[in-house]
Amino acid sequence: MQSEDAVTRQLQEFQELAKNNKGIDTTALALNALAQAQAEEEDAKGKRKAYWISIGIPPLGLLFALYYVLSSKSDGKRVALNCCILTAVSLLIGWGIGAVVMSGFTPQQSAQIQNVNMNDVQGLKDILNQQ
(Lines give C-alpha, C1' and ligand atoms only; values in the text may rest on other atoms or scores of the structure.)
Protein backbone atom coordinates (compact mmCIF):
# COMPACT_ATOMS: atom_id res chain seq x y z
CA MET A 1 0.00 0.00 0.00
CA GLN A 2 2.85 2.37 0.78
CA SER A 3 4.51 1.69 -2.55
CA GLU A 4 1.25 2.52 -4.37
CA ASP A 5 1.09 5.87 -2.59
CA ALA A 6 4.74 6.56 -3.38
CA VAL A 7 4.21 5.73 -7.06
CA THR A 8 1.14 7.98 -7.16
CA ARG A 9 3.15 10.85 -5.68
CA GLN A 10 5.94 10.26 -8.18
CA LEU A 11 3.51 10.27 -11.09
CA GLN A 12 2.06 13.57 -9.87
CA GLU A 13 5.57 15.01 -9.67
CA PHE A 14 6.24 13.83 -13.21
CA GLN A 15 3.08 15.54 -14.42
CA GLU A 16 4.19 18.79 -12.77
CA LEU A 17 7.62 18.48 -14.39
CA ALA A 18 6.01 17.87 -17.78
CA LYS A 19 3.94 21.05 -17.40
CA ASN A 20 7.07 23.09 -16.69
CA ASN A 21 9.33 21.44 -19.26
CA LYS A 22 7.84 19.98 -22.45
CA GLY A 23 11.04 18.05 -23.27
CA ILE A 24 10.61 15.57 -20.42
CA ASP A 25 9.42 12.09 -21.41
CA THR A 26 6.85 11.40 -18.68
CA THR A 27 5.97 8.00 -20.12
CA ALA A 28 9.50 6.69 -19.64
CA LEU A 29 9.65 8.16 -16.14
CA ALA A 30 6.29 6.60 -15.24
CA LEU A 31 7.29 3.18 -16.60
CA ASN A 32 10.56 3.36 -14.67
CA ALA A 33 8.73 4.26 -11.43
CA LEU A 34 6.26 1.39 -11.90
CA ALA A 35 9.05 -1.10 -12.64
CA GLN A 36 10.97 0.03 -9.56
CA ALA A 37 7.88 -0.29 -7.35
CA GLN A 38 7.20 -3.76 -8.72
CA ALA A 39 10.80 -4.82 -8.07
CA GLU A 40 10.46 -3.74 -4.44
CA GLU A 41 7.53 -6.13 -3.85
CA GLU A 42 7.75 -9.83 -3.14
CA ASP A 43 7.09 -12.15 -6.06
CA ALA A 44 3.62 -13.67 -6.27
CA LYS A 45 4.90 -17.24 -6.61
CA GLY A 46 6.94 -17.01 -3.39
CA LYS A 47 4.01 -15.49 -1.50
CA ARG A 48 1.67 -18.24 -2.72
CA LYS A 49 4.17 -20.90 -1.63
CA ALA A 50 4.52 -19.31 1.81
CA TYR A 51 0.74 -19.11 2.21
CA TRP A 52 0.18 -22.76 1.24
CA ILE A 53 2.93 -23.96 3.57
CA SER A 54 1.48 -21.81 6.36
CA ILE A 55 -1.83 -23.61 5.89
CA GLY A 56 -0.50 -27.12 5.25
CA ILE A 57 2.45 -27.29 7.65
CA PRO A 58 1.66 -24.61 10.25
CA PRO A 59 4.93 -24.49 12.20
CA LEU A 60 6.91 -23.82 9.00
CA GLY A 61 4.62 -20.87 8.29
CA LEU A 62 6.30 -19.06 11.17
CA LEU A 63 9.69 -19.51 9.50
CA PHE A 64 8.33 -17.93 6.33
CA ALA A 65 6.89 -15.10 8.42
CA LEU A 66 10.33 -14.49 9.94
CA TYR A 67 11.93 -14.52 6.50
CA TYR A 68 9.48 -11.96 5.14
CA VAL A 69 9.75 -9.71 8.21
CA LEU A 70 13.50 -9.56 7.72
CA SER A 71 13.27 -8.98 3.95
CA SER A 72 13.83 -5.52 2.56
CA LYS A 73 10.83 -5.65 0.23
CA SER A 74 8.06 -3.13 0.72
CA ASP A 75 5.28 -5.68 1.25
CA GLY A 76 7.34 -8.10 3.37
CA LYS A 77 5.68 -7.20 6.66
CA ARG A 78 2.19 -7.65 5.18
CA VAL A 79 3.15 -11.08 3.79
CA ALA A 80 4.64 -12.04 7.18
CA LEU A 81 1.44 -11.02 8.96
CA ASN A 82 -0.63 -13.07 6.50
CA CYS A 83 1.63 -16.09 7.11
CA CYS A 84 1.19 -15.72 10.88
CA ILE A 85 -2.58 -15.45 10.54
CA LEU A 86 -2.81 -18.47 8.23
CA THR A 87 -0.55 -20.48 10.55
CA ALA A 88 -2.69 -19.62 13.58
CA VAL A 89 -5.94 -20.43 11.77
CA SER A 90 -4.51 -23.73 10.52
CA LEU A 91 -3.34 -24.69 14.01
CA LEU A 92 -6.75 -23.87 15.49
CA ILE A 93 -8.57 -25.87 12.83
CA GLY A 94 -6.20 -28.82 13.33
CA TRP A 95 -6.66 -28.68 17.08
CA GLY A 96 -10.45 -28.52 16.66
CA ILE A 97 -10.53 -31.48 14.30
CA GLY A 98 -8.28 -33.46 16.64
CA ALA A 99 -10.53 -32.67 19.61
CA VAL A 100 -13.62 -33.77 17.69
CA VAL A 101 -11.97 -37.01 16.57
CA MET A 102 -10.65 -37.79 20.05
CA SER A 103 -14.01 -37.04 21.69
CA GLY A 104 -15.56 -39.75 19.52
CA PHE A 105 -13.60 -42.45 21.34
CA THR A 106 -15.15 -44.07 24.37
CA PRO A 107 -12.92 -44.78 27.38
CA GLN A 108 -12.98 -48.48 26.50
CA GLN A 109 -11.77 -47.79 22.96
CA SER A 110 -9.01 -45.54 24.28
CA ALA A 111 -7.88 -48.30 26.64
CA GLN A 112 -7.90 -50.81 23.78
CA ILE A 113 -5.78 -48.50 21.63
CA GLN A 114 -3.26 -48.06 24.44
CA ASN A 115 -3.05 -51.84 24.93
CA VAL A 116 -2.19 -52.63 21.30
CA ASN A 117 0.95 -54.74 21.07
CA MET A 118 3.21 -53.48 18.28
CA ASN A 119 4.54 -57.01 17.67
CA ASP A 120 1.00 -58.12 16.79
CA VAL A 121 0.67 -55.21 14.37
CA GLN A 122 4.00 -56.14 12.76
CA GLY A 123 2.83 -59.76 12.46
CA LEU A 124 -0.36 -58.63 10.71
CA LYS A 125 1.70 -56.48 8.38
CA ASP A 126 3.92 -59.46 7.50
CA ILE A 127 0.86 -61.63 6.82
CA LEU A 128 -0.66 -59.00 4.55
CA ASN A 129 2.61 -58.57 2.65
CA GLN A 130 2.81 -62.32 1.97
CA GLN A 131 -0.59 -62.31 0.27
Side-chain angles (χ1 to χ4, degrees):
M1 201 64 169
Q2 291 175 337
S3 66
E4 291 176 10
D5 294 337
V7 170
T8 303
R9 282 193 304 273
Q10 280 184 333
L11 292 177
Q12 290 171 349
E13 291 174 12
F14 297 154
Q15 289 173 348
E16 291 296 321
L17 287 173
K19 288 179 186 175
N20 297 335
N21 187 351
K22 300 295 182 188
I24 294 177
D25 184 11
T26 57
T27 306
L29 290 173
L31 289 175
N32 186 27
L34 291 172
Q36 184 179 2
Q38 189 175 19
E40 290 176 357
E41 290 187 358
E42 299 291 345
D43 65 323
K45 187 176 180 180
K47 287 191 283 190
R48 244 190 329 269
K49 179 180 176 183
Y51 294 157
W52 279 112
I53 289 177
S54 295
I55 292 169
I57 311 169
L60 291 182
L62 297 177
L63 294 176
F64 277 96
L66 181 65
Y67 169 77
Y68 282 111
V69 163
L70 298 176
S71 75
S72 62
K73 303 287 184 166
S74 64
D75 63 339
K77 289 186 179 26
R78 183 175 46 87
V79 174
L81 178 64
N82 290 343
C83 285
C84 286
I85 291 169
L86 289 173
T87 299
V89 167
S90 181
L91 285 171
L92 287 173
I93 289 172
W95 178 79
I97 290 172
V100 167
V101 168
M102 295 306 289
S103 70
F105 288 118
T106 64
Q108 292 84 11
Q109 290 171 328
S110 296
Q112 288 175 350
I113 290 172
Q114 290 175 355
N115 292 330
V116 170
N117 186 352
M118 292 309 292
N119 291 330
D120 293 341
V121 173
Q122 184 64 35
L124 288 174
K125 181 180 172 186
D126 293 339
I127 292 170
L128 291 174
N129 286 337
Q130 290 175 356
Q131 294 177 353

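Computed from heavy atoms alone, side chains included, the values below leave out hydrogens, waters and symmetry copies. Since the model is a prediction, treat every value here as computed from it, not as a measurement.
Taken to the nearest 0.5 Å, the CG atom of Asp120 stands 14.5 Å off from the NZ atom of Lys125. If you take OH on Tyr68 and NZ on Lys47, they are separated by 8.0 Å, rounding to the nearest 0.5 Å. To the nearest 0.5 angstrom, Tyr67 atom OH is 13.0 Å from Leu63 atom CG. The line from NZ of Lys49 to OG of Ser54 is 11.5 Å long, rounded to the nearest 0.5 Å.
Checked against side-chain contact (heavy atoms from CB on, under 4.5 Å), Ile55 has the following partners two or more places apart in sequence or in another chain: Leu86. Checked against side-chain hydrogen bond (donor to acceptor under 3.5 Å, both in side chains), Gln122 has the following partners two or more places apart in sequence or in another chain: Asp126. Under the rule for a side-chain contact (heavy atoms from CB on, under 4.5 Å), Gln130 has no partner lying at least two apart in sequence or in another chain. Leu92 pairs by the side-chain contact (heavy atoms from CB on, under 4.5 Å) definition with nothing, not counting sequence neighbours. In this structure Asn115 satisfies the side-chain hydrogen bond (donor to acceptor under 3.5 Å, both in side chains) test with no other residue, sequence neighbours excluded. Ile97 is linked by a side-chain contact (heavy atoms from CB on, under 4.5 Å) to Ile93, Val101, counting only residues two or more places apart in sequence or in another chain.
Residue pairs satisfying the side-chain hydrogen bond (donor to acceptor under 3.5 Å, both in side chains) criterion with at least one member in residues 80-93, sequence neighbours excluded, are listed as follows: Tyr51-Asn82.
As a member of the Ile/Leu/Val/Met/Phe/Trp/Tyr network built from side-chain separations under 4.5 Å, Leu91 groups with nothing else and remains a singleton.
Across all non-hydrogen atoms, the minimal contact from Cys83 to Ala65 is CB-CB, 4.0 Å.
With Cys84 as reference, Leu62 is the one residue of Val89, Leu62, Leu66, Val79 to meet the side-chain contact (heavy atoms from CB on, under 4.5 Å) rule.
With contacts defined as side-chain heavy-atom distances shorter than 4.5 Å, the pair Lys77/Leu81 does not qualify.
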